[in-house]
Amino acid sequence: MKDLTMFKLPDLPYAYDALEPYIDARTMEIHYTKHHQGYVDNLNAALKEHPGLQAKSLTDLLVDLNALPEKIRTAVRNNGGGDYNHTLFWQLMTKNALPGPIEKSAQAIIKTFGSFEEFQKQFNDAAKSRFGSGWAWLVMNKQGNLEITSTANQDCPISLGQEPILGLDVWEHAYYLKYQNKRVDYIQAWWHVVNWQFVEDNFRKI
Ligand code: MN3
């Protein structure tokens, strides 16, 4: 049997405690080994009876959810989205964080939002006001402009025709052990570990 039929949990690009004190090691371990692994496992389970779909990339599955059989559409949306979003999220953080955006992505952020501070404020508002579980995003929209958005659950910008450049997981599982109900404190802490080099690489790829 060929092995490309199974989606796999990607390697975490750092140790569980690498982002301390902003993201605690226990949260990172559970988030990666339980939550992200769960999305991967459930995605594989959903695709089990669909060998034609197993060979597709995650991006191909998510960019056109309506092309999927109705029976597995929601499972792929939730669990494929969960796999995609978390794979991106791990790479969007680093212990060697720069103070802010660099180069072309910095220019685009300032051009669009007026200043880095205004961008952060609007992104924070999106992250704070997402009711329940979801994500805040900086995306390139269909018109080719930067835009701050948020999605519910594990909905993924690529399913909406947008390219994600920066994303923040605001599910309680991402912060509750350390920050409890204080989502705002988690958001503020998270800015200390944003991987602006990866943001720049993302921006240049679009
Ligand atoms: Mn999560």
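The first residue of the sequence shown is numbered 1, and numbering continues consecutively from there.
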Open item on the list: Using 30° and 60° as the class boundaries, would you call the ring planes of Trp90 and His36 parallel, tilted or perpendicular?
Closed with: tilted
- [ ] Please report the closest heavy-atom contact between Tyr186 and Leu168, naming both atoms and the distance.
- [x] OH-CD1, 3.3 Å
- [ ] Could you tell me whether a side-chain N or O of Thr112 sits under 3.5 Å from a main-chain N or O of Ile109, the two making a donor and an acceptor?
- [x] no
Task: Ser159 and Val63, any side-chain heavy atoms less than 4.5 Å apart - done: no
Open item on the list: For Ala25 versus Glu20, what's the shortest heavy-atom pair and its separation?
Closed with: N-OE2, 2.9 Å
- [ ] Could you please spell out the steps behind the side chain to side chain contact (heavy atoms under 4.5 Å, CB included) verdict for Trp135 and Val170?
- [x] CA-CA 5 Å; Trp135 293 73; Val170 293; 5.7 Å; no
Open item on the list: If I compare all heavy atoms of Thr27 with all of Ala174, which pair ends up nearest, and what's the gap?
Closed with: CG2-O, 3.4 Å
Open item on the list: Please check this pair: side chain of Gln54 against backbone of Leu47, looking for a donor-acceptor N/O pair closer than 3.5 Å.
Closed with: yes
Task: Under 3.5 Å side-chain donor-acceptor pair for Glu118 and Gln122 - done: yes
Task: Among Leu98, Thr94, Leu166, side chain to side chain contact (heavy atoms under 4.5 Å, CB included) partner for Val194 - done: Leu166
Open item on the list: Between Asn124 and Gln120, is there a side-chain donor-acceptor contact under 3.5 Å, judged purely by atom types and distance?
Closed with: no
TODO: For residues Ile148 and Phe119, determine if any side-chain heavy atom of one lies less than 4.5 Å from a side-chain heavy atom of the other.
DONE: yes
Open item on the list: Is it the case that the side chains of His86 and His35 hold a donor-acceptor pair, with the cut-off being a distance below 3.5 Å and no angle test?
Closed with: no
Task: Joint hydrophobic cluster, Leu9 plus Leu43, side-chain heavy atoms closer than 4.5 Å - done: yes
- [ ] Please examine the side chains of His50 and Ile72, heavy atoms only from C-beta on, and report whether any two atoms are closer than 4.5 Å.
- [x] yes
Open item on the list: Could you check whether any side-chain heavy atom of Leu146 comes within less than 4.5 Å of a side-chain heavy atom of Phe113, counting everything from C-beta outward?
Closed with: yes
Task: Within-4.5 Å side-chain heavy-atom neighbours: Leu92 and Asn202 - done: yes
Open item on the list: I'd like to check Arg77 versus Gln154 (side-chain heavy atoms, cut-off strictly below 4.5 Å). Are they in contact?
Closed with: no
TODO: Can you measure from CG (Asp24) to CE (Met28) and round to the nearest 0.5 angstrom?
DONE: 8.5 Å
Task: Over 12 foreign heavy atoms within 6.0 Å of NZ, Lys128 - done: yes
Open item on the list: Could you check whether Thr151 and Trp137, counting side-chain N and O atoms only, form a donor-acceptor pair closer than 3.5 Å?
Closed with: yes
Task: Verdict with supporting geometry, Glu163 and Lys205, salt bridge (charged side-chain N to carboxylate O under 4.0 Å, His left out) - done: CA-CA 10 Å; Glu163 291 289 341; Lys205 263 188 291 183; over 6 Å; no
- [ ] Using atom types as modelled and distance alone, determine if a side-chain donor or acceptor of Glu172 lies under 3.5 Å from a backbone N or O of Ser133.
- [x] no
Open item on the list: Do Tyr22 and Phe123 land in one hydrophobic cluster if side-chain heavy atoms of ILVMFWY residues count as linked below 4.5 Å?
Closed with: yes
Open item on the list: Within this structure, what is the CG-NZ distance for the pair Asp41 and Lys8, rounded to the nearest 0.5 Å?
Closed with: 11.5 Å
Task: Nearest-0.5 Å distance that lies between atom CZ in Phe7 and atom CG in Leu58 - done: 5.0 Å
Open item on the list: For Tyr176 and Trp171, I'd like to know if the aromatic rings sit close, meaning centre-to-centre distance below 6.0 Å.
Closed with: no
TODO: Following the transitive rule for hydrophobic clusters with a side-chain heavy-atom cut-off under 4.5 Å over Ile, Leu, Val, Met, Phe, Trp and Tyr, establish whether Ile165 and Ile110 coincide in one cluster.
DONE: no
Open item on the list: Looking at Leu177, is its backbone amide N or carbonyl O close enough to the side chain of Gln180 to form a donor-acceptor pair, meaning the two atoms are under 3.5 Å apart?
Closed with: yes
TODO: Give a yes or no answer on whether the side chain of Asp83 reaches the backbone of Asn79 with a donor-acceptor pair at less than 3.5 Å.
DONE: no
Task: Step-by-step side chain to side chain contact (heavy atoms under 4.5 Å, CB included) determination, Arg130 to Arg183 - done: CA-CA 11 Å; Arg130 165 47 57 192; Arg183 185 190 285 187; 4.0 Å; yes
Task: Any donor-acceptor pair under 3.5 Å from Asn44 side chain to Val40 backbone - done: yes
TODO: Examine distances only and state if a side-chain atom of Asn153 and a backbone atom of Asp155 form a donor-acceptor pair shorter than 3.5 Å.
DONE: no
- [ ] Please confirm whether the backbone N or O of Leu68 pairs with a side-chain atom of Arg73, one donor and one acceptor, at under 3.5 Å?
- [x] yes
Open item on the list: Looking at every heavy atom in both Cys156 and Leu62, which two are closest together, and how far apart are they?
Closed with: SG-CD1, 4.3 Å
Task: Pairwise distance CD(Gln37) to CD1(Ile30) - rounded to 0.5 angstrom - done: 14.5 Å
TODO: For the pair Ser129 (side chain) and Asp125 (backbone), establish whether a donor and an acceptor sit closer than 3.5 Å, ignoring hydrogens and angles.
DONE: yes
Open item on the list: Starting from Trp190, can I reach Val184 by hopping between I/L/V/M/F/W/Y residues whose side chains sit under 4.5 Å apart?
Closed with: no
Open item on the list: I'd like to check Tyr16 versus Arg26 (side-chain heavy atoms, cut-off strictly below 4.5 Å). Are they in contact?
Closed with: no
Open item on the list: Is the shortest side-chain heavy-atom distance between Glu200 and Lys104 below 4.5 Å?
Closed with: yes
Open item on the list: Tell me whether Glu29 at atom CD has more than 12 heavy atoms from other residues, nucleotides or ligands lying less than 6.0 Å away.
Closed with: yes
Task: Approximate separation, where rounding is to 0.5 Å, of Asp64 CG and Thr59 OG1 - done: 13.0 Å
- [ ] May I ask you to say whether Arg204 pairs ionically with Asp201, meaning some side-chain N is under 4.0 Å from a carboxylate O?
- [x] no
Task: Residue Lys178 excluded, over 12 heavy atoms near NZ under 6.0 Å - done: yes
Open item on the list: For Gly167 versus Phe89, what's the shortest heavy-atom pair and its separation?
Closed with: O-CD1, 3.4 Å
Open item on the list: Looking at Lys182, I'd like to know if its NZ atom is crowded, meaning that more than 12 non-hydrogen atoms belonging to other residues, nucleotides or ligands lie closer than 6.0 Å.
Closed with: yes
Open item on the list: For the OG atom of Ser105 and the CZ atom of Phe198, what is their distance to the nearest 0.5 Å?
Closed with: 12.0 Å
Task: In one Ile/Leu/Val/Met/Phe/Trp/Tyr side-chain cluster, 4.5 Å: Leu65, Tyr39 - done: yes
- [ ] For residues Tyr179 and Pro21, report the shortest heavy-atom separation together with the two atoms involved.
- [x] OH-O, 4.0 Å
